[in-house]
Colleague: 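There's a structure below that I have some questions on.
Because only heavy atoms are used, hydrogens play no part in the values below, and waters and symmetry mates are left out as well, while side chains stay in. Chain A is the first sequence line, chain B the second, and so forth, proteins listed ahead of strands; every chain is numbered from 1.
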Amino acid sequence: MSPVQPKHNLNPQQSAAVRLCQQPLLVLAGAGSGKTGVITRKIAHLINQQQMPPEQVVAVTFTNKAAREMQARVTQLVSTDTNGLTISTFHSLGLKLLRREREAAGLKRGFTIFDSDDSLKVIKELMKGGSKDEDVQQRRWQISAWKNDDISVTQAMQIAENGLESSAAELYAAYQRQLKAYNAVDFDDLICLPLRILREHADVRQQWQSRIGHLLIDEYQDTNNTQYEFIKLLLSGNSGLTAVGDDDQSIYAWRGARPENMERLKNDFADLQVIKLEQNYRSSGRILACANKLIANNPHAFEKNLWSELGPGDPIRVINCSDSESEAETTVSSIVTQRFKLKARLGEFAILYRGNHQSRPLEKALRLNNLSYNISGGQSFFDRAKVKDILAYLRLLTNPDDDTAFLRIINTPRRHIGASTLEKLGLYANERNTSLFNACHEMGLRSVLNNRAMQNIDRFTSLLDELEIQSRTEPPGVIVRELLKQVHYADWLRELSKDQAAADRRYENVEELASWIERMTEDDDLDLSEAVARIALLDMLDKNTEDGHADMINLMTLHAAKGLEFPHVYLVGFEEGLLPHQSSIDEENIEEERRLAYVGITRAQRHLTISHTSKRRRYGKDLSSEPSRFLEELPREHLMFNDEVPAEVKKETGQANLANLRAILNQG
DNA sequence: TGGGGTGATATTTTT
DNA sequence: TATCACCCCA
C-alpha cells in the first residue's frame, strides 16, 4: 500500500522471507513494514520461481477485504495462470472443506450458515423464553468461546465445575443438536467442524495435506486455538508454512485470539525460522518513535525495533479540550485548516476512537461544517431486515430444514397464518421429527389444521416448491427476480409504510441484493446454495464500500483501523477510562489497551494529533477526566502540547469555526 | 401494525 | 443523558 517503498525492490529481510520456502517461517512484521507485499511476493515466488502448482498454494486471511486485496496484488505479480490458487478467509476455507466433506460432518446438501442473529434466536428458543436478553447473549458468547478454544460439548461437560457451568454445557449440547436438526452450521462451526473432520478422518486429512504445498497465514497473531489446530492439521511434513503477524497488533484477545500462538509455533516446529521486518515504510520518524516508546512498556516474546527512513516529520500534537463537544469542534476545525494548508483530500484524514459512541459529537461537528464523512461499522447492508427476508427465502429453497428461515418468512408478506396455526404445525413437526417446511408437505397435517389454514400453508409451499424446481435449471439471479415477483414484494413494502420514499429505499436494498446475486453468479457460475453461503460470509459486502470510494473523512474505531493507514490521523479521547478503557484497566488487559493505542498511532503516515478532554459526560454525569497514562509513556521531545482555543473566543465572534481556524493557523 | 410510553443499559467485532 | 428494545393500546 505504501507508495514510498519501491514496488519491485524488497529489503534484505523481506527478500529473505520471500525466498525461504523449505522451512517453516514466522515473519514478525512490524506496523507498516510491508507484510502484504511479502505475502503476495512469496505467493508469486512459489509459483513463478519454485514452480509450485497454484493449486498447492493456500493463503489465509481473516477478512474478505484482505483476501481480495491479496488476490488483486498476486494477479499482477504472477506471470502464469493462477487458476487453482486459494486465497481466502479462514471461514471460506473451512466452508470449502465442509462442502467437500459434508457427509463426514453429518450435514445434508444445501446446509445453511447461521449468522449470529440466527444463533441467538436458536439459543433464546432453547432457553425457553423468559430469560433475560443479557443472559442469552452471555450464553451465546460462552458457546462461541468454547468453540474458539477447541472445546467440544463433551469436554465442556467434563470441565464444568458447578451447576451454572454444567447447565451452560447442557445448552451447548442442545444448541448443537438443534443446529443439526436445522441442517445448519454457525460461523464458529466453519472452523470447528473442518478441524474435527481432519482430526477424525485420516484419509480426508491425508488428502487435504497432500493438496497443500505451502500455507501462508496473514495476521497470524489473531488466530485462536481452533484455527491454530486447524492449521497444524492441514500441514504435512512436506508442506511449507509462512505465518506473518505482529504480536504488538494483537487486539482481539477478548474474542479468543491467542497471540501466544506465535511462540507456540517455536515449540511445534523445531526448525522454525524467524524473520523480523523492522523497516517501516509508513510513518515519519517522530510518529514511529512515539509508537516504539509506548509499546516498549509491554513485555515481548520477540523484541523488535521499528525504524524509518522517512525523516523525522512534524511533532505529534497533543490537545487538551474542555469536553467532548469542544474536542470534536477542535478536531474538525483542525481538519478544515490542514486540508487547506496541505491541499489534502478529505479521504486522507481519519478520526479514530475507542468506542462507537464517541463518534456522535464528531458527526455533529462534521455535519455543521458540511464535511462529508464515512463511518465504518454500524448497520451493514445484510443486516437490514428486508434483505434478510429475501435471504431467508433463498435459504429455505436450498435447505428445507432451516426452520429459522421458515419462521422468518412464513408471514412475510402476510399470509394470514396465525400463531395458533404455527403452534400446531410446530407440534406436528416435532412429533414427526421433521422440519416445519417438510411437515407442511405431509398429508397428516391436514387432520391437524383447519381448511382455511391449510390452504394458506399450501399456497406457501407450492410457491417455494415451484421456485425450487426452477432453481435446478435457472441461474440464481432469475430465481430471485421470480421470487420478488411472485410474492409481490414491492407492493407489499409499499403498503407496509405510508412513507413512500422509505418503501422505495427499502426496495432499493432488495433490488441491490438481486443484482448482486446476478453479478456474483455470472462471474463465478455459482449455484443458489453457494451464492447464499457467500452472502452469509459477507463475501462482497466490502466490495460495495470500495465502490463508494468517495472523498470522505474516515471515522472509525481503533479496532476497525487495523491494517489501514492515513496521512493525517486524529486520535481522540486519549483518556484514562476510555483508552485504557474503564473495564480493561486491570493488569491483564492493560497490555491489549496499550496495543490498541499503538495501533492507533501507527496508522498515521505524516501527521498525528492526540486529544483528550478535561471533563466528559458519562451516563449523564459530568466527570472530570485525566489524560491517558499512555500519554506519559510517549517521548516528550516529540510532542507539542497545544491547548484548545479558549471557549470565550468562539462565543465573542459567534463564528466558532472561523475563530478556531484562525487561532490554529496562527499557532501552527 | 405501528406509535408512544417505559425501563434497562451503557467496549472493542469478523465471519 | 441518550438510546434502544419491548410492551401495551388504539
Side-chain angles (χ1 to χ4, degrees), chain A residues 60-67 88-95 98 113-120 124 129 132-137 140-141 144-145 147-148 185-192 218-219 222-224 226-227 249-257 323-325 352-361 364 376-380 382-383 411-414 492 495-499 502 533-542 556-563 573 575 577-585 589 592-593 595-597 599-600 616-623:
Chain A
V60 197
T61 66
F62 277 87
T63 64
N64 292 306
K65 196 177 161 205
S88 76
T89 62
F90 266 104
H91 295 266
S92 303
L93 182 66
L95 175 64
L98 212 50
I113 300 167
F114 274 14
D115 67 17
S116 22
D117 236 45
D118 298 318
S119 308
L120 199 67
K124 201 171 192 168
K132 279 196 294 180
D133 234 36
E134 200 191 341
D135 295 339
V136 183
Q137 284 273 11
R140 180 185 57 159
W141 191 85
S144 174
K147 290 186 176 189
N148 285 312
V185 299
D186 66 16
F187 285 138
D188 300 322
D189 286 336
L190 290 176
I191 315 292
C192 280
D218 190 22
E219 303 280 14
D222 287 340
T223 52
N224 60 38
T226 306
Q227 285 156 338
Q249 293 186 67
S250 161
I251 54 175
Y252 285 110
W254 54 273
R255 65 170 200 218
D323 55 19
S324 59
E325 278 73 31
L352 311 180
Y353 37 80
R354 174 68 227 261
N356 281 311
H357 64 279
Q358 290 174 261
S359 72
R360 271 181 193 293
K364 204 174 144 196
S376 70
Q379 217 198 12
S380 85
F382 290 101
D383 280 340
N411 262 322
T412 309
R414 292 249 139 252
W492 182 71
E495 90 197 29
L496 199 65
S497 70
K498 287 159 223 149
D499 185 357
R534 278 221 192 177
I535 293 168
L537 293 177
L538 294 184
D539 193 5
M540 55 202 261
L541 170 61
D542 21 38
M556 65 187 86
T557 64
L558 288 162
H559 284 90
K562 196 175 74 154
E575 288 154 37
L578 260 181
L579 182 61
H581 193 269
Q582 198 64 49
S583 40
S584 299
I585 286 190
N589 294 315
E592 184 148 317
E593 294 291 310
R595 289 192 290 265
L596 213 39
V599 166
R616 194 173 283 272
R617 254 202 304 281
R618 311 197 108 206
Y619 314 145
K621 282 265 178 292
D622 268 346
L623 294 177

Colleague: For residues A:H91 and A:F62, establish whether the separation of their ring centroids is below 6.0 Å.
Modeller: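 So the answer is no for these two rings.
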Colleague: Ignoring the backbone of A:S584, work out which of B:dT11, B:dT15, B:dT13 is nearest its side chain.
Modeller: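 It is B:dT11.
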Colleague: Taking the same atom, P, in C:dA2 and in B:dT11, what whole-Å distance lies between them?
Modeller: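 Result for the P pair: 16 Å, nearest Å.
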Colleague: Any idea which of C:dT3, B:dT15, B:dT13 is nearest the A:T557 side chain?
Modeller: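 The answer is B:dT13, which lies nearest to the side chain.
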Colleague: Which listed nucleotide (B:dT15, B:dA10, B:dT13) is nearest to the side chain of A:Y619?
Modeller: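 The nucleotide sitting nearest to the side chain is B:dA10.
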Colleague: Using whole Å, what does the distance between atom P of nucleotide B:dT14 and atom CG of A:N224 come to?
Modeller: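 It is 16 Å, rounded to the nearest whole Å.
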Colleague: With a cut-off of less than 4.0 Å, is there a side-chain N or O of A:N356 near OP1 or OP2 of B:dT13?
Modeller: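 Result: yes.
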Colleague: Is the shortest side-chain N/O distance from A:N64 to OP1 or OP2 of B:dT14 below 4.0 Å?
Modeller: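 Answer no for this pair, as no side-chain N or O of A:N64 is under 4.0 Å from OP1 or OP2.
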Colleague: Return the value, rounded to whole Å, for the distance between atom OH of A:Y353 and atom P of B:dT11.
Modeller: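 So the two atoms are 14 Å apart, to the nearest Å.
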Colleague: Are any non-hydrogen side-chain atoms of A:D186 and A:K147 less than 4.5 angstrom apart?
Modeller: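 Contact flag for A:D186/A:K147 side chains = yes.
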Colleague: Using only atom types and a distance under 3.5 Å, with no angle test, would you say the side chain of A:D115 pairs donor to acceptor with the backbone of A:D118?
Modeller: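 Yes, because the side chain of A:D115 sits within donor-acceptor range (under 3.5 Å) of the backbone of A:D118.
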Colleague: Using atom C1' of each nucleotide, how far apart are B:dT14 and C:dT3 to the nearest Å?
Modeller: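 One C1' to the other, the span is 25 Å.
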Colleague: Distance alone, cut at 3.5 Å: any donor-acceptor contact between the side chains of A:S144 and A:D188?
Modeller: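 The answer is yes; a qualifying pair exists.
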Colleague: Determine the interatomic distance between P on B:dT12 and the same-named atom on C:dA5; round to the nearest Å.
Modeller: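 Looking at atom P only, B:dT12 and C:dA5 are 15 Å apart.
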Colleague: Can you check whether A:H581 stacks with the B:dT11 base, using ring centres under 5.5 Å and planes within 30°?
Modeller: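 Here the ring of A:H581 and the base of B:dT11 are stacked, with centres under 5.5 Å and planes under 30°.
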Colleague: So how far is it from A:R616 CZ to A:L623 CG, rounded to the nearest 0.5 Å?
Modeller: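 With rounding to 0.5 Å, CZ (A:R616) is 11.0 Å from CG (A:L623).
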Colleague: If stacking means aromatic ring centre less than 5.5 angstrom from the base's six-membered ring centre, planes under 30°, is A:Y252 stacked on B:dT12?
Modeller: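 Not stacked: fails the 5.5 Å / 30° test.
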Colleague: How many Å lie between CG on A:N148 and C1' on B:dT14, as a whole number?
Modeller: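 Roughly 11 Å, once rounded to whole Å.
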Colleague: Considering only side-chain heavy atoms of A:R360, which listed nucleotide, C:dT3, C:dC6, B:dT11, is closest?
Modeller: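 Of the candidates, C:dT3 comes closest.
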Colleague: Without decimals, in angstroms, what is the distance between A:L120 CG and B:dT15 P?
Modeller: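 Taking atom P of B:dT15 as the reference, CG of A:L120 is at 19 Å.
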Colleague: Would you kindly give the CZ-to-P distance between A:F90 and B:dT13, to the nearest whole Å?
Modeller: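 About 21 Å, once rounded to whole Å.
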Colleague: Round to the nearest Å and state the distance from A:D218 atom CG to B:dT15 atom P.
Modeller: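 Value for this atom pair: 13 Å.
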Colleague: Output the rounded distance in Å from CZ (A:R617) to P (C:dT1).
Modeller: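 Rounding to the nearest Å, CZ of A:R617 and P of C:dT1 are 8 Å apart.
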Colleague: So does A:R354 reach the base of B:dT12 with its side chain, donor to acceptor, closer than 3.5 Å?
Modeller: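 Flag set: donor-acceptor pair detected.
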Colleague: For A:Q358 and B:dT12, give me the distance from atom CD to atom P, rounded to whole Å.
Modeller: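 These atoms are roughly 9 Å apart.
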